Amino acid sequence: MKKTTISLLLSCLALSAVMAQNPLVLTADRHAPRPGDRIVKQQVAYRDPGSHGQGIEWDFGHLQPVNEEYVLRYFMVDSARLCGLEHRTRYYYTLHGDTLWAAGFENPTTRMDYVQAEPRLVFPFTYGDTLRGAFTGEGEYSHRTPLAAGGHTRTEADATGTLTLPCGTVEDVLRVHTSRLYTHLPGGHADSTGTSLRMDAYSWYAVEARYPVFESLSTILRHAGQDTVLYATSFYYPPDEQRRQLQEDAEMTEEELSEAPPSGEVEGAVFTEADLVPNPVVDILHIKYKLTRDASIGFSVHNQQGLCMAAVPQQPQQAGHHETPIDMTACPTGAYTVYVQVDDVVLSQNVVKK
């Protein structure tokens, strides 16, 4: 009996050693964001990320819902840039070689373009790996006030273990911690008052899930040695939904995947009978359209470099026929893309400025 017990113990130790030596590895083909993906995640009350290390057990089985229909969509805005749209904000990314870079963001009030892109993740990436980088950005607030920002970012795969979620326990989880420290605050100047802004993102990845299954995000302002939490929330990505999507993609051929409609077209029937007149346009572009149901709708006009040149903030509209004018008088001659945001769906059409 004693010999059997020792054998079982040695077997368990050997298995643990193998698992420790072979943690989850994030790769570009299985974990990089992908155009056409639509992810429904649930915003929940903030959960503390806990400690780092190996063999950690996180219990997030009981969550307090905040917003159960928080949608994230990815689509290409041009041949090089990928856009992630969530909560009325577009986040821009590029994938060069083995590195995913953040290129900027914009929403109805703020635009920021990274002159020096921020490295977000390098592939492959596994437990113990660390990625460091710097970023600088320039933009504007309300299309009038110049903004500047800059700082340093550090991303580390700092923990492995098991994660208990409302759907059950997920094994072989890899946690990635990204810490972003702003040395130039979004106000156009370097801060000299001892004030700093830090954003922390903890993301838990699981086998057979392209995107994290859980995230905890926080923004902390430090002034005069005191920390103030400006924002803290968590997100739960149901793993079953991700596995279902991966299975459906695996059953499609490469040709079918390449011909899959871009994000937004599935629900595009809400925005119908669209007509951009005149096209080419000299000064005022009139967008005529019909909504098949009540929806929140907004418009933005972007040049070929992706910069927003004009915008109409998103606002509720009743079902029926509508006409929205956009002033393009100040836009230089050339081709532009008009993005139409209908609720959480983004559509696009082209227009030429004389």
Side-chain angles (χ1 to χ4, degrees), residues 23-39 41 49 71-87 89-107 111-139 149-160 173-182 198-217 235 237 242 245-246 249 257-258 260 262-263 305-306 346:
L24 176 62
V25 179
L26 305 184
T27 61
D29 61 331
R30 293 191 60 83
H31 298 98
R34 184 175 55 181
D37 281 356
R38 176 183 183 273
I39 305 97
K41 54 183 180 178
V71 179
L72 169 61
R73 298 172 185 274
Y74 287 102
F75 57 95
M76 297 298 296
V77 293
D78 52 42
S79 60
R81 292 187 309 152
L82 175 71
C83 176
L85 171 65
E86 59 178 317
H87 203 56
T89 299
R90 296 185 180 96
Y91 299 92
Y92 298 109
Y93 305 93
T94 60
L95 183 62
H96 291 304
D98 59 359
T99 305
L100 178 69
W101 303 84
F105 66 89
E106 66 176 319
N107 54 42
R111 176 182 60 81
M112 182 65 65
D113 300 309
Y114 289 153
V115 179
Q116 180 180 4
E118 176 192 7
R120 283 294 180 89
L121 204 58
V122 63
F123 301 104
F125 203 70
T126 190
Y127 179 73
D129 288 347
T130 301
L131 174 66
R132 293 180 175 88
F135 63 94
T136 57
E138 298 176 353
H152 303 276
T153 185
R154 181 179 187 272
T155 301
E156 180 184 7
D158 69 343
T160 63
V173 171
L174 175 70
R175 190 182 73 182
V176 176
H177 174 208
T178 298
S179 182
R180 186 177 304 107
L181 178 66
Y182 284 88
R198 190 182 81 245
M199 303 177 68
D200 284 293
Y202 291 86
S203 304
W204 285 260
Y205 289 86
V207 178
E208 298 184 357
R210 175 173 291 273
Y211 300 95
V213 294
F214 199 82
E215 284 184 325
S216 280
L217 313 175
F235 290 98
Y237 300 64
Q242 292 198 51
Q245 182 175 355
L246 286 172
D249 291 343
L257 282 171
S258 65
S263 177
Q305 288 70 48
V346 174

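Small disclaimer: the values here were computed from a predicted structure and weren't measured.
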Please determine whether side chain to side chain contact (heavy atoms under 4.5 Å, CB included) holds for the pair F123 and T99, giving the CA-CA distance in whole Å, both sets of side-chain angles, and the decisive distance to 0.1 Å.
CA-CA 6 Å; F123 301 104; T99 305; over 6 Å; no
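- Salt-bridge check for R175 with D158: passed, with a basic side-chain N closer than 4.0 Å to an acidic carboxylate O.
- Here the side chains of Y74 and L82 are in contact, with some heavy-atom distance below 4.5 Å.
- The two atoms that bring A206 and V213 nearest to each other are CB-CG1, 4.0 Å, heavy atoms only.
- For T155, the side chain to side chain contact (heavy atoms under 4.5 Å, CB included) criterion is met by L121, F125, L131, T153, V176, T178, not counting sequence neighbours.
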Checking M112 against E106 for the side chain to side chain contact (heavy atoms under 4.5 Å, CB included) test, could you report, in this order, the C-alpha distance in whole Å, the side-chain angles of both residues, the deciding distance, and whether it holds?
CA-CA 6 Å; M112 182 65 65; E106 66 176 319; over 6 Å; no
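- Scanning for side chain to side chain contact (heavy atoms under 4.5 Å, CB included) contacts around Q116 gives A134, T136, with sequence neighbours left out.
- There is no side-chain donor-acceptor pair under 3.5 Å between D113 and Y92.
- The side chain to side chain donor-acceptor pair (under 3.5 Å) test applied to T27 returns D29, not counting sequence neighbours.
- Contact detail for K41 and Y237: the closest heavy-atom pair is NZ-OH, 3.2 Å.
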Check the pair R38 / V71 against side chain to side chain contact (heavy atoms under 4.5 Å, CB included), numbers first and verdict last.
CA-CA 7 Å; R38 176 183 183 273; V71 179; 4.0 Å; yes
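- For D200, the side chain to side chain donor-acceptor pair (under 3.5 Å) test picks out H177, S179, R198, with sequence neighbours left out.
- Residue Y182 comes nearest to A149 through the heavy atom pair CE2-CB, 4.1 Å, listed as atom of the first residue, atom of the second, then distance.
- By the 4.5 Å heavy-atom criterion applied to side chains, H96 and W101 are counted as neighbours.
- For R154, the side chain to side chain contact (heavy atoms under 4.5 Å, CB included) partners two or more places apart in sequence, or in a different chain, are T130, R132, E156.
- Atom CD1 of I39 and atom CG of L72 lie 4.5 Å apart (nearest 0.5 Å).
- Residue pairs meeting the salt bridge (Lys or Arg N to Asp or Glu O under 4.0 Å) criterion with at least one partner in residues 118-128, sequence neighbours excluded, are E118-R120, E118-R180.
- Looking at heavy atoms from C-beta onward, L26 lies in side-chain contact with L174 at the 4.5 angstrom threshold.
- Residues F235 and S216 fail the side-chain proximity criterion, which asks for heavy atoms closer than 4.5 Å.
- The shortest side-chain heavy-atom distance between L85 and Y91 does not fall under the 4.5 Å cut-off.
- Closest approach of P35 and M76 over heavy atoms only: CB-CG, 3.7 Å.
- Applying the side chain to side chain donor-acceptor pair (under 3.5 Å) test to S203 and every residue at least two apart in sequence or in another chain returns E215.
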Check against ring pair (Phe, Tyr, Trp, His ring centres under 6.0 Å), F135 and Y114:
CA-CA 7 Å; F135 63 94; Y114 289 153; 5.6 Å; yes
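- With a 4.5 Å cut-off on side-chain heavy atoms, D129 and Y127 do not count as touching.
- Nearest heavy-atom pair across T94 and A80 is CG2-O, 3.7 Å.
- Residues that satisfy the ring pair (Phe, Tyr, Trp, His ring centres under 6.0 Å) test with F105, not counting sequence neighbours, are absent from this structure.
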Given side chain to side chain contact (heavy atoms under 4.5 Å, CB included), test H31 with Y211 step by step and report yes or no.
CA-CA 6 Å; H31 298 98; Y211 300 95; over 6 Å; no
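- Checking side-chain atoms of T126 against main-chain N and O of L24 turns up a donor-acceptor pair under 3.5 Å.
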